[in-house]
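Index from 1, following the sequence. Remember, predicted model here, so these are calculated numbers, not experimental data.
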Amino acid sequence: MRPARVILNAKSPLINTPAWVALLEHFERIEKVHMVELFDQDPERFKKYSIQFNDMLLDYSKNRVTDVTMKLLFSLAEQAGVEKWRDKMFSGEKINNTEGRAVLHTALRNRSGKPVFVDDENVMPLVDAELEKMRDFSDKVRNGQWIGYAGLPITNVVNIGIGGSDLGPNMVCRALEPYSHKSLRVHFVSNVDGSHIGQMLSYLRPETTLFIVASKTFTTQETLTNANTAKKWFLEGAGRVTEGDIAKHFVAVSTNEKEVEKFGIDPVNMFRFWDWVGGRYSLWSAVGLASAIYVGMDNFIEMLEGAHEMDNHFQEQPLDQNIPVILAMLGIWYGNFFHAESSAVLPYDHNLRMLPAYLEQADMESNGKSVDREGRQATYSTGKIIWGAEGINGQHAFYQLLHQGTRLIPTDFIASIQSHGNHKEHCDILASNFLAQTEALMKGRTMEKTREQLKEADIELHKAEKRLPHMIFSGNQPSNSIVIKKLTPKALGSLLAMYEHKIFVQGIVWNLNSYDQWGVELGKKLAKNILEELEDGENLYEHDSSTLGLLDWFRKNSAD
Ligand code: F6P
């Protein structure tokens, strides 16, 4: 664990709790046990360590755990009060303690008809009204009733946002591509690098383009800069247009009506969400507007339903049958006891190719904290590094390190059995690789087996012996297999909610507030100062010699 530069006097007590101490003792006994032995000892292992949820199967049998491990992990979850905190979250208590906010992305997909209260107000009528507004608008854009200033229907939708206001809807659009409107294109602009918006605008026409400016705060510099550039492009490209025409091509999604108006978007064209929805949990809200337009509101609602079903599972199942809890506790087992630094997400479904990037924000912005809820130093590691790439491509890139590197990297292998691609041969090749990889990671290949295979390949003895050490696989690399029947909107909703709740459980065990993100502030503040210095051409603030040297280098090279 990285030592914190400022160690606070008060230390979080987690590592001295009975459940933690018991796990540490147990770890010493199990650390060297190979999973091959565990499978040999127990023919029921798959049956015991797999759970079905609707069309989804979680197989967690290829983990370095026994019944005792799981029992101890569940008692850690219990001791941390996971169930109590879960109930607090769902009932609208302000569990985001540093910002004094409730955490209610679950209310956005509450399909139960039951009320949800924040400060004694039932928020469900607000949620439902916004969904209706999204339906009305997305239907109009989809069926060509939403007409631009030149009398033409919309053909291209550009979502301008960043972080949670980009990654969620962007990932959903990619994931649900097979459900998309065939003559509508959706684009996402996030980076403030002018190349991003510049390249995009170069192939769009103002008369058929709709911009969605999505920002929870509506103060994010990158988003507003891109939105202003888009507005300028629209006004210049469109020629003689009135303010009323802007309303036909710009809508906003935000919690901040004042800033939306200030930017020049009529509040009538504003879709709302609320401060109890965290940015990285906002794809279920109007932030999902681009995806709702792309795949249609019925599919969007189906996605909400899938998430709601996972919410019910999370609320109702006992800890040892609870998929998000199981995944969370396995993550803690590897992160805190085996000291695994990272965890890879490997979707064997081309349409889930953006899932790793989406989960990077969801997980690392939530649990990348070193101070607990009470402001005490966490003396244990917290959020793991999340990374990954779509399944089979990764095999030809970084899997070498997973198989033979020196690090323990637990993995989530995700597969859809029925591809939307409709090519049986492709499907089988993909599935066989998915299955083979988790088996290879678990079993490895012993020296004896490797020698045997080299012999069979008729390789000269002295050459074979030289090659031998390089061809041994130690195995014992843990993986979860998450298999869904087909990537439908409903399955996607369940999958995403599963990960959200996994992140929640880990945050509770580590005693963190997973719903603030103060860690992004410092860089933003310094960037503001440096921008002033770049514009003024003068050094106005104190910097280290590296930053000063770089600043100077930027200035010298900024113009040819
Ligand atoms: O800088 C981090 C962050 O605040 C994220 O949490 C958020 O998703 C992103 O910026 C965008 O914020 P906004 O939606 O307010 O523009």
How are the rings of F337 and F27 set relative to one another: parallel (under 30°), tilted (30 to 60°) or perpendicular (over 60°)? tilted
Just so I know, are the side chains of T450 and Q453 near enough to count as touching, which here means a heavy-atom distance under 4.5 Å? no
Sorted by chain and residue number, the salt bridge (charged side-chain N to carboxylate O under 4.0 Å, His left out) partners of K490 (sequence neighbours excluded) come out as E309
Indicate, with yes or no, if the rings of W284 and H308 have centres closer together than 6.0 Å.
no
Residues at least two apart in sequence or cross-chain that pass salt bridge (charged side-chain N to carboxylate O under 4.0 Å, His left out) with D428, listed by chain then number, are K424
**OP:** Compute the centroid of each ring, for Y281 and then for Y515, and state whether the two points are separated by less than 6.0 Å.
**Re:** yes
Applying salt bridge (charged side-chain N to carboxylate O under 4.0 Å, His left out) to D349 and not counting sequence neighbours gives none
Are any of the side-chain heavy atoms of L352 and L492 separated by less than 4.5 Å? yes
- Would you indicate whether the side-chain heavy atoms of E465 and L454 approach each other to under 4.5 Å? no
- prompt: Taking side chain as C-beta onward, heavy atoms only, is N159 less than 4.5 Å from H187?
  reply: no
Applying side-chain contact (heavy atoms from CB on, under 4.5 Å) to F473 and not counting sequence neighbours gives H403, Q404, R445
### Query
Parallel, tilted or perpendicular for F90 and H501, by the 30°/60° rule?
tilted
Sorted by chain and residue number, the ring pair (Phe, Tyr, Trp, His ring centres under 6.0 Å) partners of Y60 (sequence neighbours excluded) come out as Y49
Is the closest side-chain donor-acceptor distance between T69 and K71 under 3.5 Å?
-> no
Q. Do the ring planes of Y380 and W20 sit parallel (below 30°), tilted (30 to 60°) or perpendicular (above 60°)?
A. tilted
Those residues at least two apart in sequence (or on a different chain) that pass ring pair (Phe, Tyr, Trp, His ring centres under 6.0 Å) with H181 are none
**Prompt:** Quick one: does I409's side chain get under 4.5 Å of L401's, heavy atoms only?
**Reply:** yes
